[in-house]
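Here's the structure we're looking at; comments come further down.
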Protein chains: 2
Amino acid sequence: MPKQKHEALQIQFGEHIQKIRLKKGLSLRSVAANCELDDSNISKIENGKFNVQLSTIVELAKGLGVEKRELLEF
Amino acid sequence: MPKQKHEALQIQFGEHIQKIRLKKGLSLRSVAANCELDDSNISKIENGKFNVQLSTIVELAKGLGVEKRELLEF
DNA sequence: AATATTGCGGTTATAAATTACCGCAATTTG
DNA sequence: CAAATTGCGGTAATTTATAACCGCAATATT
């Protein structure tokens, strides 16, 4: 059945997120420290495992210290 | 239990989406015709009922004919 | 070398999004 | 007026995200 219908999108998003994080020299745990997500889940997001929700995008932006719009610039 | 933890965010997003749609003079059904979402669900999104997923944001952008980043500019 | 940090995979439970319909009441259009 | 359009609420089934952990292997730090 529909398993992983949006994988390509999730991977693109994950790579984008990781690029932003690494450019800032942040660790997964330091991002997690600034938002309501834990590092293992951020890792999964970066690796394209999740089709994240709006609220999660907002948390990521908070954790990364960027505007949410930037997370969709990929 | 946690029912509607992100309601404020969802409502803001919904209002933003609707504003874009109305500015373009589109009906819910015409937006739906350009993407993989049905009009009743777009209505629910506009009314803040859903914490939409990334793939849904991308579909909305397609349906509305705008860049996905614009959907997070609110 | 010993310790800490880091990335990441796994798990289980729970809440929720999505799909794909129906149908109505109100407004618009011909 | 008649017909079409429109916004939107409801539903059921299915899939999925998320939270909140654990722990390990590799790398970095002291």
Side-chain angles (χ1 to χ4, degrees), chain A residues 1-66 68 71-72 74, chain B residues 1-66 68 71-72 74:
Chain A
M1 298 289 87
K3 186 163 284 189
Q4 295 305 64
K5 286 198 348 189
H6 310 286
E7 197 166 4
L9 175 64
Q10 295 172 199
I11 288 174
Q12 279 188 297
F13 180 74
E15 288 174 345
H16 179 60
I17 295 302
Q18 187 171 65
K19 205 162 287 180
I20 292 173
R21 178 174 65 82
L22 296 178
K23 185 165 294 176
K24 293 208 160 199
L26 301 172
S27 69
L28 290 174
R29 283 177 173 81
S30 70
V31 173
N34 294 319
C35 67
E36 302 296 320
L37 299 169
D38 95 14
D39 65 283
S40 80
N41 289 327
I42 298 172
S43 168
K44 286 161 194 156
I45 292 167
E46 287 189 354
N47 287 291
K49 308 282 174 51
F50 293 131
N51 187 2
V52 294
Q53 293 179 308
L54 175 63
S55 58
T56 304
I57 296 176
V58 170
E59 285 301 315
L60 282 170
K62 184 164 59 158
L64 290 167
V66 299
K68 56 183 176 309
L71 302 195
L72 287 198
F74 64 95
Chain B
M1 301 287 86
K3 186 163 283 189
Q4 296 305 66
K5 287 199 346 190
H6 309 286
E7 198 167 3
L9 175 64
Q10 295 172 199
I11 289 174
Q12 279 189 297
F13 180 74
E15 288 174 344
H16 180 59
I17 295 302
Q18 186 171 66
K19 206 162 287 180
I20 293 172
R21 178 174 66 82
L22 294 179
K23 186 165 293 177
K24 292 207 160 200
L26 301 172
S27 70
L28 290 174
R29 283 176 174 82
S30 70
V31 173
N34 293 319
C35 68
E36 302 296 319
L37 299 169
D38 94 15
D39 65 282
S40 80
N41 290 326
I42 299 172
S43 168
K44 286 160 194 156
I45 292 167
E46 288 190 353
N47 286 292
K49 308 285 175 51
F50 293 130
N51 187 2
V52 292
Q53 294 178 309
L54 175 62
S55 57
T56 304
I57 295 175
V58 170
E59 284 301 314
L60 281 171
K62 185 163 58 158
L64 289 166
V66 300
K68 58 183 173 311
L71 301 196
L72 287 198
F74 66 96

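In what follows, every chain begins at residue 1, and chains take the letters A, B, ... in the order their sequences are listed. Just the heavy atoms: all of them, side chains too, but no hydrogens, waters or symmetry mates, feed the values below.
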Interatomic spacing from [atom1] in [X] to [atom2] in [Y] - rounded to 0.5 Å:
X	Y	atom1	atom2	value
B:E46	B:L22	CD	CG	6.5 Å
A:Q10	A:I45	CD	CD1	10.0 Å
B:L37	B:K44	CG	NZ	11.5 Å
A:T56	A:I42	OG1	CD1	10.0 Å

Gap between atoms [atom1] and [atom2], on [X] and [N] respectively (whole Å):
X	N	atom1	atom2	answer
B:N51	D:dT18	CG	P	8 Å
A:L22	C:dC8	CG	C1'	14 Å
A:F13	D:dA17	CZ	P	12 Å
A:L37	D:dC21	CG	P	14 Å
B:E46	D:dC8	CD	P	7 Å
B:E59	C:dA17	CD	P	17 Å
B:Q18	D:dC8	CD	C1'	11 Å
A:I17	C:dG7	CD1	P	15 Å

Inset, instruction - Indicate for each nucleotide in nucleotides 20-30 of chain C, in 5' to 3' sequence, whether protein heavy atoms under 4.0 Å reach the base (B), only the sugar-phosphate (S), or nothing (-). - result: BB-B-------
Legend entry - Protein-to-nucleotide contact annotation, 5' to 3' order, nucleotides 25-30 of chain D [B base; S sugar-phosphate only; - none; under 4.0 Å, heavy atom]: ------
OP1, OP2 of [N] versus side-chain N and O of [X]: anything below 4.0 Å?
X	N	value
A:N47	C:dC8	yes
B:Q10	C:dA17	yes
B:K49	D:dG9	yes
B:Q53	C:dT18	yes

Kindly write out the residues that satisfy side-chain contact (heavy atoms from CB on, under 4.5 Å) with [X], not counting sequence neighbours, or none if the list is empty.
X	value
A:D39	A:L28, A:R29, A:A32
B:I11	B:E7, B:E15
B:S30	B:L26, B:S27
A:N34	none

Inset, instruction - Please tell me which of A:S27 and B:I57 maps to the more 5' nucleotide of DNA chain C, matching each residue to the nucleotide holding its nearest heavy atom. - result: A:S27
Inset, instruction - Using the closest heavy atom to pick a nucleotide of DNA chain C for each, name whichever of B:S55 or A:L26 lands nearer the 5' end. - result: A:L26
Inset, instruction - Side chain of B:F50 only, please: which of C:dA17, C:dT19, D:dA17 is the nearest? - result: C:dA17
Inset, instruction - Would you name the heavy atoms of B:F74 and A:K68 that are closest together and state the gap between them? - result: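 Scanning both residues, the minimum pair turns out to be O-NZ, 2.7 Å.
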Legend entry - Intermediate values then yes/no, side-chain contact (heavy atoms from CB on, under 4.5 Å), A:F13 and A:L60: CA-CA 12 Å; A:F13 180 74; A:L60 282 170; 4.0 Å; yes
